[in-house]
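A, B, ... follow the sequence lines: proteins, then strands. Residue 1 opens every chain.
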There are 2 protein chains.
Amino acid sequence: MMAGMTDDDRVFKALADPTRRFLLDRLFERDGRTLTELEAELEMTRFGVMKHLRVLEEAGLVVARRSGRAKLHFLNPVPIRLIHDRWIDKYTERRVSALAELKTELEEEMA
Amino acid sequence: MMAGMTDDDRVFKALADPTRRFLLDRLFERDGRTLTELEAELEMTRFGVMKHLRVLEEAGLVVARRSGRAKLHFLNPVPIRLIHDRWIDKYTERRVSALAELKTELEEEMA
DNA sequence: ATCATAGGTGACCGTATGGTCACATGTCAA
DNA sequence: TTGACATGTGACCATACGGTCACCTATGAT
């Protein structure tokens, strides 16, 4: 556990690394994966992946549960929503989400 | 401009620093501030603040416009919404946002 | 023109961060 | 109980990042 770090500090630092975002993507696709399962999808040693999962857990973005010798990992989206609510108020939410969807659609048309 | 960095890389890295989040908070409160104005609220030299604003700009979280010798800074919330949409789908959005609001309310009661 | 104001650049330094490895613990199956 | 499997710890190294400074450019007021 790191000292002098607030909750949101941990969340944003956790999201700052592309490997950790990739892990969240995999768990968003399907929950309950083990370390070894996740490791198989990355060009990295088990130790690197383990460190990343720990950071995600300490940020509350991932919750884990043991099952025998395996450890199952689940995505917790609440901290993500809190980021949203920090800089997007109820009044602008509709307009901004429409813009975001438009951007996504345009990029899909390009590809 | 940093090499080998994707758009979302820039956004998440930009959000990873507490000073930069503080700057976004100030701009969320009131748009169109200048560098010197923002510097006055921070215990840091102008150069540090300038670097941070540059990172936010390159991430698209802040857009700036010149006005005479001043440079006005504005918050752009679209990248924030895109983060939200990446890990929270339409079906779970209602439930998650309710949980997030509950958490905020509970913390406000504590204080 | 002069001077103060507002913003900008490049180099520099200490520390935090990502990644690996040697080694260790706990669990299931035969 | 032997061995293979799944996860865990601490030390270590290279690099990225936050912050400062000496120096520079441009705009506005008098």
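Rounded to whole angstrom, the span from the NE2 atom of B/His73 across to the C1' atom of C/dG8 amounts to 12 Å. In this entry the distance linking CG of B/Leu53 with C1' of D/dG18 reads 14 Å, nearest Å. Straight-line distance from the NZ atom of B/Lys71 to the P atom of D/dG28: 16 Å, rounded to whole Å. One atom, CZ of B/Phe12, and another, C1' of D/dA16, lie 19 Å apart when rounded to the nearest Å. Going from atom CE of A/Met50 over to atom C1' of D/dA11 covers 14 Å, rounded to whole Å.
Considering only residues two or more places apart in sequence or on other chains, A/Glu29 meets the side-chain contact (heavy atoms from CB on, under 4.5 Å) condition with A/Arg26, A/Arg33. Considering only residues two or more places apart in sequence or on other chains, A/Asp25 meets the side-chain contact (heavy atoms from CB on, under 4.5 Å) condition with B/Arg86, B/Trp87. Partners of A/Ala98 under the side-chain contact (heavy atoms from CB on, under 4.5 Å) rule, at least two apart in sequence or in another chain, do not exist in this structure. With sequence neighbours left out, the salt bridge (charged side-chain N to carboxylate O under 4.0 Å, His left out) criterion links A/Glu37 to A/Arg30. Legend: residues meeting side-chain contact (heavy atoms from CB on, under 4.5 Å) with A/Ala59, ordered by chain and number and at least two apart, are A/Arg10, A/Val11, A/Ala14, A/Leu61.
Ion pairing between a basic and an acidic side chain is recognised when a charged N comes within 4.0 Å of a carboxylate O; B/Glu101 and A/Arg81 show no such pairing.
How far CG of A/Leu23 is from CG of A/Leu53: 5.0 Å, rounded to the nearest 0.5 Å.
Under a 4.5 Å side-chain heavy-atom cut-off, the cluster of Ile, Leu, Val, Met, Phe, Trp and Tyr residues that includes B/Met110 has no other member. Clustering of Ile, Leu, Val, Met, Phe, Trp and Tyr by side-chain heavy atoms under 4.5 Å joins A/Leu102 with A/Leu106.
Sorted by residue number, the list of members of residues 35-42 of chain A with any non-hydrogen atom under 4.0 Å from DNA chain C is empty.
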Base-contact (B) and sugar-phosphate-only (S) positions in nucleotides 18-30 of chain C, heavy-atom cut-off under 4.0 Å, - elsewhere: SBBBB----BB--
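The list of salt bridge (charged side-chain N to carboxylate O under 4.0 Å, His left out) pairs with a residue in residues 11-23 of chain B, not counting sequence neighbours, reads A/Asp8-B/Arg21, A/Asp9-B/Arg21, B/Asp9-B/Lys13. For residues 70-80 of chain B, every residue pair satisfying the salt bridge (charged side-chain N to carboxylate O under 4.0 Å, His left out) rule, not counting sequence neighbours, is listed here: B/Glu57-B/Lys71.
Within the helix from C/dA1-D/dT30 to C/dA30-D/dT1, the inter-axis angle between the opening and closing five-pair segments is 30°, rounded to 10°.
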